[in-house]
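Written out below as structure tokens is the structure these notes cover.
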Amino acid sequence: MPFGAVAGAAPDPAQWLYAGSDVPHDAAWMFGILPNGLRYAVRHNGVPPGQVSIRVLVDAGSLYETDAQRGYAHLIEHLTFRDSKYLKAGEAIPTWQKLGATFGSDTNAETSYTQTVYKLDIPEASAPKLDETFRLLSGMITAPIFTPVGVKTEVPIVLAEKRERDGPQRRVLDDTFGLFFQGQPLAARSPIGTEETLNAATSESIKAFHDKWYRPDNTVIVVAGDVDPQVLVARIKQWFGPWSGKGKKPPQPDFGHPAAPAGADPANPVGDARVVVEAGLPRLLNYAVLRPWAKVNDTIVYNQGLMIDRLALALINRRLEARARGNASFLAASVEQRKIMRSADATLITVNPLSADWKSALRDVRAVIADALATPPSEEEVAREVAEFDVAYKVPVETQETQAGSKLADDITDAIDIRETVANPDTVYAIFKRSVPLFTPAAVLKHTRDLFKGTVVRGLLITPNAADGTAQDVREALAAPVSAAANTRLAASTIKFSDLPPIGTPGAVKAAEPTGLLGIERVELANGVHALLWPNDAEPGRIIVRVRFGGGYAAIDPKDAVYGPIGQNALMDSGIGKLGREDLDRLATGRKLSLDFDIDDTTFVMAADTRPADLADQLYLFAAKLGQPRWDANPVLRVKAAAALQYDSTNGSPMSVLQRDLGWLLKDGDARYATPNPAELSKVTAEGFRRVWEPLLQQGPIEVDLFGDFKREDALAALQRTFGALPPVKAPPTPALAPRIPEHNDEPLQLTHRGDPGSAAALVAWPTGGGRGGIHESRQLDLLAQIFNIRLFDAMREKIGASYSPQVYSSWPLDLPSGGYVAATVQLRPQDLPAFFAAADKIAADLAASPVSADEIARVTEPTKQAITRASTGNGFYMYQLTGGALEPGKFDDIRSILIDSSQTTPERLQALAKRYLLANKTWKVEVVPEKRP
């Protein structure tokens, strides 16, 4: 009998999530059903302290709509926030903000094909605040108010959201769904809806949809928070218990199933195919092996089968990645299995061709898959993936005390949506460990074959060139016989850290002193390496590692600017010592090791999130990257090819053009911040890469920061053996970066895009400052930018429906003497560009002319205070704020004032900042409009 099952025991209806399952219940969750049919799941969770995360799931998404109702489920989500029993028009967002919830992150909702989920994360949930939260939320869900004015106001906002989502990627997604799920509602039921159905919506038609699906027996409330679960249950009963549905609960809609094509080969039932021509996108071929979706009993045996499925796919993906790292016809390829919107069980294959010869790329990927279908994997291959699974399942066990309540609540809502269960990390790991004997080569082969069997196979080619092929070409390529590829299996290897050469002679500790903050210690090694050490038990089982070295963008010669982004993506893959990336992957098998790399203005950063057992080896990898770098050519050439293929896609929408060019433009044309174009990329060579990066890896200063669950003496010894064994640190490079935004322009700089002719984007920026000396002012500017954002949101979204999500933010570089700015950005219709610039100018002038209101201040200071308070319960907050503090002790003084600076202000102080910086004769503007076409 599977463990967790009780012989002869009748199923407990209250444990509704586990119906038909023998998976042991997660005892931390309390489940129940109210007399009106509403189901709930609640639990205590103190991460972060004081917070309560509430999820209200209504089983009503776009697949529940009729043709005439397309977009209604999502529109109701909007209208629910607009006007309801206890929150009148326009009150919802300000009310939640003043309760400490940030709109868009703490207060949000999502409508998918199958469900609508309302999300609230409430900080400092005192008894009165908790009661008020449930009262207001109950009014939103059970008694929204649909008025003609509300519908007329909200529809343009939804259409603005639709415009912002539209673009080549959205069109490709719609085409993919239309092909893969043809004959099923999922083929044409995007949650955003259509202009025709949204414009035709009335308060009566919206209410009819709401009355049909928003009912207690179609709703689940999930709450995880720092409150007694019985208190949570009492609030649910109090505020949602009186709710009653209208009439009998309607049956679930039929989502259909994939249909086999007439006369198809049962062994490879290739059906329809499609070619989508998008001039701004790189070539991509997706095909799917589709099977009908069916509700399962989420048992232990079922989960064991899923584990073998995952193992089978992991083996194929590892072989594909190894092939792509060499001289392959494809840049990347992957396989995955997904159960999609209760409409299909699919095995999805994605191929990124390296050139226009997509047929060769597809054939080579299919050949790797054919080899996996022909013969079982080796014992060594299986053992390698099992070791990876072991760490993947064990890390959540080690870190479960740090699981955030919001994540746990989301896990429950996800499980409800797919009609499966949840289990705590100990249970999952126990099931995995007892299942390892089942993971045999023969079992993997059987599951591999099952994963690539289906009712129908459908394929889609995305290409910038219509001459690349036709739908018939795709069908024929998928139907063509293919031979199993030779030499796809990775040879066995026994690389161990103990076999690697030492970095050098371990170094001594020159100095160690407390910082006076939270037990954090500042250490200096004899070779000049500095470190911050903070051993603590705030997050058991987790250690954050940051290594800062060299001079960042400031140290890169502008004439070598192209090698910056190439290094960002290729440097770590180029290996260390005698080890290439495949060797490093083998070393990392069964370990929690990372090789993340980034470039900041004045420093290079290596980062990892590891665990106590792997800390010493993580430090070895980072130190070896500096002291024993390897210069493999393939990673450089692969990143070069990928960047060239991706560049054209940046022209596909106005926001992608802004994202591509803003970093460069707002630095007044500094080439080091530019996205390399194909002409620049053509100059990249492996030799040039080494010429640029070899001296950069030798630059000081070096700082290593370790925050988390470790023993001081162990970490210090590991530091001495690794970073302490490097040669003496070289003097830091002389900073050569003093950025500024461009000079004022009366007429916006105009860029163009090749996407939707009805879409544009714009930005206006006001220069501010930079440097740590202005840190207090920078935090106040953040508050001013948030108030600016509230006003711009109201002007562009609420009043004229021109934009769904205008954004205002402040950037103040602490490590540079200049270059800061306040910027407002928006996506909208080309004809609305003048309205945006006028609104931004007017708001800036108003902020300088008159003090802001106390209400506006409360709407930004309370969420900011709560965000900082919650974040400060984890090591990541302190790592972010104090990184660099080993070399700049003043950062410890800076952090002590962050809460006051960021959550307290006055109308006079904000007005003074607006007068100083939001000057009409200092603005720089840019707009991105559709390019003119013949």
Side-chain angles (χ1 to χ4, degrees), residues 1-6 9-45 52-61 110 112 114-119 141 213 215-225 227-230 232-237 240-241 243 249 252 293-307 339 341-342 393 396 400 403-432:
M1 182 191 346
F3 69 86
V6 180
D12 180 2
Q15 299 291 333
W16 47 267
L17 188 67
Y18 293 90
S21 173
D22 61 357
V23 172
H25 300 180
D26 186 343
W29 284 101
M30 178 186 297
F31 296 91
I33 306 175
L34 299 186
N36 60 7
L38 184 142
R39 292 167 291 164
Y40 63 81
V42 302
R43 68 173 289 166
H44 178 267
N45 176 272
V52 171
S53 295
I54 305 171
R55 305 292 183 261
V56 180
L57 181 155
V58 181
D59 216 26
E110 297 175 358
S112 73
T114 54
Q115 64 177 4
T116 303
V117 182
Y118 297 86
K119 301 183 175 185
I141 302 300
W213 296 112
R215 44 187 301 125
D217 49 8
N218 202 41
T219 301
V220 180
I221 297 179
V222 182
V223 192
V227 176
D228 183 340
Q230 294 291 355
L232 298 173
V233 172
R235 292 292 185 273
I236 293 171
K237 290 179 178 178
F240 288 88
W243 185 22
K249 181 179 179 181
Q252 293 285 298
W293 179 88
K295 187 181 183 308
V296 299
N297 286 326
D298 192 8
T299 62
I300 291 171
V301 170
Y302 168 72
N303 281 280
Q304 289 171 328
L306 291 182
M307 289 177 183
K339 293 188 175 181
M341 307 300 171
R342 295 183 238 148
Y393 289 125
Q400 60 186 307
Q403 288 184 312
S406 57
K407 170 66 166 55
L408 293 169
D410 288 338
D411 288 346
I412 290 282
T413 60
D414 291 343
I416 295 166
D417 187 33
I418 64 175
R419 306 306 198 241
E420 296 184 8
T421 66
V422 296
N424 68 34
D426 295 292
T427 297
V428 174
Y429 188 58
I431 292 174
F432 163 73

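In this text, all values refer to a predicted model and were calculated from it rather than measured experimentally.
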So, does [X] use its side chain to make a donor-acceptor pair with the main chain of [Y] at under 3.5 Å?
{"X": "K249", "Y": "D217", "result": "yes"}
{"X": "T219", "Y": "L38", "result": "no"}
{"X": "N218", "Y": "W213", "result": "yes"}
{"X": "N424", "Y": "D26", "result": "no"}
{"X": "N36", "Y": "W243", "result": "yes"}

Might you point out which heavy atoms bring [X] and [Y] nearest each other, and give the distance in Å?
{"X": "V422", "Y": "A415", "answer": "CG1-CB, 3.7 Å"}
{"X": "T427", "Y": "P24", "answer": "CG2-CD, 3.8 Å"}
{"X": "S21", "Y": "V23", "answer": "OG-N, 3.0 Å"}
{"X": "S53", "Y": "G405", "answer": "OG-C, 3.9 Å"}

Inset, instruction - Take T413 and K119 through the side chain to side chain contact (heavy atoms under 4.5 Å, CB included) test and state the conclusion after the steps. - result: CA-CA 11 Å; T413 60; K119 301 183 175 185; 5.8 Å; no
To the nearest 0.5 angstrom, please state how far the [atom1] atom of [X] sits from the [atom2] atom of [Y].
{"X": "M307", "Y": "F432", "atom1": "CE", "atom2": "CZ", "result": "7.0 Å"}
{"X": "R55", "Y": "S406", "atom1": "CZ", "atom2": "OG", "result": "6.0 Å"}
{"X": "D22", "Y": "I300", "atom1": "CG", "atom2": "CD1", "result": "4.0 Å"}
{"X": "D12", "Y": "Y18", "atom1": "CG", "atom2": "OH", "result": "12.5 Å"}
{"X": "R419", "Y": "K339", "atom1": "CZ", "atom2": "NZ", "result": "13.0 Å"}
{"X": "E110", "Y": "Y118", "atom1": "CD", "atom2": "OH", "result": "12.0 Å"}

Side chains of [X] and [Y], donor plus acceptor under 3.5 Å:
{"X": "D417", "Y": "T114", "result": "yes"}
{"X": "D298", "Y": "T421", "result": "yes"}
{"X": "Q400", "Y": "D426", "result": "yes"}
{"X": "E420", "Y": "Y302", "result": "yes"}

Inset, instruction - Please test I236 against V42 for side chain to side chain contact (heavy atoms under 4.5 Å, CB included), starting from the C-alpha separation and ending with a verdict. - result: CA-CA 10 Å; I236 293 171; V42 302; 3.8 Å; yes
Legend entry - Test log, rule side chain to side chain contact (heavy atoms under 4.5 Å, CB included), inputs V56 and V117: CA-CA 6 Å; V56 180; V117 182; over 6 Å; no
Taking the side chain as every heavy atom from C-beta outward, state whether [X] and [Y] have any pair of such atoms under 4.5 Å apart.
{"X": "L408", "Y": "R43", "answer": "yes"}
{"X": "H44", "Y": "L232", "answer": "no"}
{"X": "L17", "Y": "I412", "answer": "yes"}

Inset, instruction - Answer yes or no: are there more than 12 heavy-atom neighbours, outside K407 itself, under 6.0 Å from its atom NZ? - result: no
Legend entry - Over 12 foreign heavy atoms within 6.0 Å of NZ, K237: no
Inset, instruction - Compute the ring centroids of Y429 and Y393, then answer whether they are less than 6.0 Å apart. - result: no
Legend entry - Salt-bridge criterion met for D59 and R342 (N-O under 4.0 Å): yes
Inset, instruction - Just do the ring pair (Phe, Tyr, Trp, His ring centres under 6.0 Å) check on F240 and Y40 with the steps written out, would you? - result: CA-CA 11 Å; F240 288 88; Y40 63 81; over 10 Å; no
Inset, instruction - Would you sort out whether V222 and W29 count as a side chain to side chain contact (heavy atoms under 4.5 Å, CB included), showing the intermediate values? - result: CA-CA 10 Å; V222 182; W29 284 101; 3.7 Å; yes
